[in-house]
Chemist: 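Dropping a structure here in structure tokens format, bear with me for questions.
Owing to the predicted nature of the structure, the values given are computational and were not obtained by experimental measurement. The residues of the chain are indexed from 1 along the displayed sequence.
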Amino acid sequence: MKMENSNRVKKEGGKSIKENTAGCFTIVMNQKGYILLAKRKDYPLWDLHGGTLEEGEELAICAIRETQEETGYSISIKKKIGEYYKPQYNDVEHLFLGRLEGGSPIDEGPETKEVRWFHPRKLPLNMIPNRRKQIRNYLKFRGEIVKKSLRVSPAKIFFYKGFLRVFGKYL
């Protein structure tokens with residue numbers, strides 16, 4: 001889940017340059033059509049389960065591993081459904097559609113405060129920026145791989161962090 005903090009910096013010709021990072025996230029729907037979300041511990045916001053691609057790891061394996069670690073559920077990958085570039089972080093988020101294979105929800109984990117299923121039209125208000133857009137894109141363009149650039153304004157990031165510092169314990 002630590003995509004925002006995963007940027008590595010390398011020195012090149014005396015300049016610090018952010019290396020491109022990649023992460024994998026998965027939309028998992030149950031038989032009723034509800035979407036699985038995890039509430040983060042670092043920021044008490046709901047999010048798709050996912051995180052940073054480890055060196056040498058395949059994208060789909062990363063998505064499966066992150067889902068297991070953060071939710072307790074085992075999944076298989078049906079297909080890739082999105083590629084979202086975040087220029088602010090020089091980061092690419094690979095979005096997959098997963099099939100629930102088994103397991104049970106964890107009560108709490110190292111990065112996860114809570115796991116819950118949500119109706120696609122009744123997603124929680126307190127979600128990571130752009131996740132709602134990614135879910136809507138999947139529902140609108142089923143069958144296609146959506147490729148888009150995502151930006152979050154610095155003012156919005158500042159607002160979110162300030163809000164969460166003050167009210168996060170109540171979420």
Chemist: Check whether any side-chain N or O of N30 sits under 3.5 Å from a backbone N or O of K32 as a donor-acceptor pair, and report yes or no.
Modeler: yes
Chemist: Above 12 or not: heavy atoms from other molecules or residues under 6.0 Å from CZ of R121?
Modeler: no
Chemist: I'd like to know if the side chain of T112 and the backbone of E70 have a donor-acceptor N/O pair within less than 3.5 Å.
Modeler: yes
Chemist: Only counting residues at least two apart or in another chain, list the ones meeting side-chain contact (heavy atoms from CB on, under 4.5 Å) with E57.
Modeler: L53, E54, I61, C62, R65
Chemist: Would you please say whether a donor-acceptor pair under 3.5 Å links the side chains of Y84 and N137?
Modeler: yes
Chemist: Check whether any side-chain N or O of R40 sits under 3.5 Å from a backbone N or O of E114 as a donor-acceptor pair, and report yes or no.
Modeler: no
Chemist: Decide if atom CD of E108 counts as having more than 12 heavy atoms of other residues, nucleotides or ligands within a radius under 6.0 Å.
Modeler: yes
Chemist: Work out which heavy atom in V146 is nearest to a heavy atom in K148; give both atom names and the distance.
Modeler: CG1-CG, 3.7 Å
Chemist: Which pairs, with at least one residue in residues 56-79 and sequence neighbours excluded, count as a ring pair (Phe, Tyr, Trp, His ring centres under 6.0 Å)?
Modeler: Y73-W117
Chemist: Could you pull out all donor-acceptor pairs under 3.5 Å where a side-chain atom in residues 98-106 meets a protein atom, sequence neighbours excluded?
Modeler:
unit_1 : atom_1 : unit_2 : atom_2 : d
E101   : OE2    : S76    : OG     : 2.6

Chemist: Could you check whether any side-chain heavy atom of R116 comes within less than 4.5 Å of a side-chain heavy atom of W46, counting everything from C-beta outward?
Modeler: yes
Chemist: Is it true that a side-chain atom of K41 and a backbone atom of G109 form a donor plus acceptor pair closer than 3.5 Å?
Modeler: yes
Chemist: Should the pair R131-E93 be classified as a salt bridge under the 4.0 Å nitrogen-to-oxygen rule?
Modeler: yes
